[in-house]
4 protein chains.
Amino acid sequence: MSPRTKEQNQAIRDRRISQIRHTAAEVFLEKGLRMEMGDIAEKAGLGRGTVYHYYNNKLELFEELLREAFQRSMNIIRETLQTEEAPEARLMNYVRAKLRSWVQEPMIFIMFLFLLQSTDPIPVSNPAELQREMEQLMEPVLDVIKQGITAGTLVAINPETMYKTLFGTLIGTANIFIRKNNIFGAPDQDTWINDVVYIVFNGFRNDV
Amino acid sequence: MSPRTKEQNQAIRDRRISQIRHTAAEVFLEKGLRMEMGDIAEKAGLGRGTVYHYYNNKLELFEELLREAFQRSMNIIRETLQTEEAPEARLMNYVRAKLRSWVQEPMIFIMFLFLLQSTDPIPVSNPAELQREMEQLMEPVLDVIKQGITAGTLVAINPETMYKTLFGTLIGTANIFIRKNNIFGAPDQDTWINDVVYIVFNGFRNDV
Amino acid sequence: MSPRTKEQNQAIRDRRISQIRHTAAEVFLEKGLRMEMGDIAEKAGLGRGTVYHYYNNKLELFEELLREAFQRSMNIIRETLQTEEAPEARLMNYVRAKLRSWVQEPMIFIMFLFLLQSTDPIPVSNPAELQREMEQLMEPVLDVIKQGITAGTLVAINPETMYKTLFGTLIGTANIFIRKNNIFGAPDQDTWINDVVYIVFNGFRNDV
Amino acid sequence: MSPRTKEQNQAIRDRRISQIRHTAAEVFLEKGLRMEMGDIAEKAGLGRGTVYHYYNNKLELFEELLREAFQRSMNIIRETLQTEEAPEARLMNYVRAKLRSWVQEPMIFIMFLFLLQSTDPIPVSNPAELQREMEQLMEPVLDVIKQGITAGTLVAINPETMYKTLFGTLIGTANIFIRKNNIFGAPDQDTWINDVVYIVFNGFRNDV
DNA sequence: TATGAATGAGGCTTCATTCAT
DNA sequence: AATGAATGAAGCCTCATTCAT
């Protein structure tokens, strides 16, 4: 009878939103943008209408996931790149942390894969903002790379190419080592991270 | 007057099939399995029924593309790995040829990306055969890697991990450098291939 | 304000299901399996999607009708054959009730005609179950026939042949007397039931 | 080089037509009006175009089959009813011959079943003519029935009802005993004809 | 706030028929 | 006379979204 207080309502809202976002992440992990609103609602134990009560449409929900992936990525950058260590060490920490974070929250990995692999323009309300965010993710890494080159500890290749190659390598290998059901079968244990880091930083060739 | 000869008909069929396959490859490049039969027909300047005249359904057409990708890949393997050169040189040739082929026929690249990235089981009539084919693509490369390790010119990491890392790296970097419209914008000129090969084989670190 | 209660929703669902089933029966009556989901939706004043909301596909809807026909037939068997009367009398009641039921619910008649006349295998999810159900419909009648033969009131022909002939006769005559638009034009009044029963039983009855 | 003579052409035409008609009958037996022109062409070893060269569309081909069924039925009537025997004997001969003919040429039986069972108006170019033909099939039998009633050897029921019941019985039982794959499984041996005739006539016959 | 019933646009596929050779 | 390549209308089904309660 007595209506809920504002605080109660807000608490309900927060819980629901978190519940929906969490479930959506799971479904996005499996299906990407082919995730179905019905799936999400059912898996979250909610009615379809409820999902629409909090997100006006599928793309809004997608944008929420995108935002999440962005924030997590920024956190990793903050934690690994803004230290006092040598550039190469920082870059290495970054790579390791990135891969580990993808292993732990595959949705974030999938989101980046999706961004890379999408041919259709990414369906966000503000594409320019997305562009800016991606640059915010790139810039600090690019800086470290430049510092490493200047310091002479990283090979002197065009930094941007280097960044792209690094990012591509991470995404590509993660794709193979993280995903279940791909053509290489079940993913390996996490020891692959060390191997990948080793190869990335030392190359395949054995310099005796 | 008299109906077309068998040869005339076959010629028509061959032309159409090639036309449809070609168009389908283009559309697959853009949309993956979300390619629409209507798109293909329209882009080929044909009626939808005509496409179905040659392929009973979307998946048959998909399998054709898959087959094509497989054959091209086998060709590259034959041309680069079955020579008398040193293992490392052969592997390098293979990597270079692979990237170049992906640049020239992006559909083949997309097909592999699709195979890797698919969560749903790949919709082929004979999954076991697909598995076998993938192994046929992997084995020769794996052999060269083993030979390189034995010869001491490649780092002594588990060969299968090495293969996966290599393949992941190629796919991942190609994804960034080949695709238009992804978050990194228009693809670079093909000079990136040299950089990627350099990094793959020497690593990011500058070993003074 | 608050969403519908479970009971309200169930009531809606029940009403819709009954409405769709009823309409589907009408359309099946006209077209058999060539009934179109669009027809059903339109005739029921619903969107096509709504029909699919309740039945996943055409065959599920068909199976519902089949189930209904089976249940009605079992009811008739229960009501007419499981009494204390003499075998011949029971069989007569059964025949009369069967024909009357077909007159009143032609869909049920059409369903049997369809089952008999189908060359393609009947598209049910569980063919074995259908087989079993058909036997459940046959057995009690077969029993009465056997009892009648033993009692000497029915002619001593192979009971199964007798059943088939009886069933065929009922279906065949009903087909002529019930259906509109067939080559014999509009159906007769229901007095034909008496005539058919008379003819049938002056055949089956053994006039010692 | 030298063009064919008129006679040669006519011979070719006749052969083709017969070939197509024969094949169409086979396919109609299996699928009724759902027979596909492609099936017919393929089964006849002809191109699709060829079928259309001789029959402008599916319905023309259907009408040909209908005409054939009609003629065969008239033949039976001529052979069995227009004799000097007693009415009941003639009727019996007719029934026997009819069932036998259906056993031997099931397509004819299927055609009648189709005519009876059709809800859509029969798709012929001249419905009135079809009506007339059906009456031509009915009349002689009706006459014999009337004669039998007058002679006191058949039960005194409305002759038209009697005809319909007789016809329904024949169609209905034939449907069960002739067709493969119906719910009663494989058809019986032909001994059923005797049983059916026995049952029918112990019903129709007036046992004074 | 919460729900699920209702909907229709959109994509796949079939098959009778046309038509150029 | 003979053919089969080409076509599109029509039917099935999915799923994002709306809306009454």
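So that the names make sense, note that chain A is the first sequence line, chain B the second, and so on, each numbered from 1. Everything numeric here is computed off the predicted structure, so don't read it as measured data.
- For DNA chain F, the neighbouring residues in residues 49-60 of chain B, judged by any heavy atom under 4.0 Å, are G49(B), T50(B), H53(B), Y54(B).
- For E30(B), the side-chain contact (heavy atoms from CB on, under 4.5 Å) partners are K43(B), not counting sequence neighbours.
- Applying the salt bridge (charged side-chain N to carboxylate O under 4.0 Å, His left out) test to pairs two or more places apart or on separate chains, none has a residue in residues 49-61 of chain B.
- Applying the salt bridge (Lys or Arg N to Asp or Glu O under 4.0 Å) rule to D120(B) yields the partners R34(A); only residues at least two apart in sequence or on another chain are considered.
- Remark: E7(A) engages T5(A) in a side-chain contact (heavy atoms from CB on, under 4.5 Å) (not counting sequence neighbours).
- The side chain to side chain donor-acceptor pair (under 3.5 Å) check on R16(A) picks up Q19(A), with sequence neighbours excluded.
- Within residues 19-41 of chain C, the residues having any heavy atom closer than 4.0 Å to DNA chain F are, in order of number, M35(C), E36(C), M37(C).
- Partners of E36(A) by side-chain contact (heavy atoms from CB on, under 4.5 Å), not counting sequence neighbours, listed by chain and number: K31(A), D39(A).
- Annotation: side-chain contact (heavy atoms from CB on, under 4.5 Å) contacts of Y52(B) (sequence neighbours excluded): M37(B).
- Applying the ring pair (Phe, Tyr, Trp, His ring centres under 6.0 Å) rule to F114(D) yields the partners F28(D), F62(D); only residues at least two apart in sequence or on another chain are considered.
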Base-pair map of DNA chain F as dot-bracket, where | denotes pairing with a different strand and pairs are Watson-Crick or G-U under 3.5 Å
.||||||||||||||||||||
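- Residues forming a salt bridge (Lys or Arg N to Asp or Glu O under 4.0 Å) with R21(B) (at least two apart in sequence, or on another chain): E64(B), E68(B).
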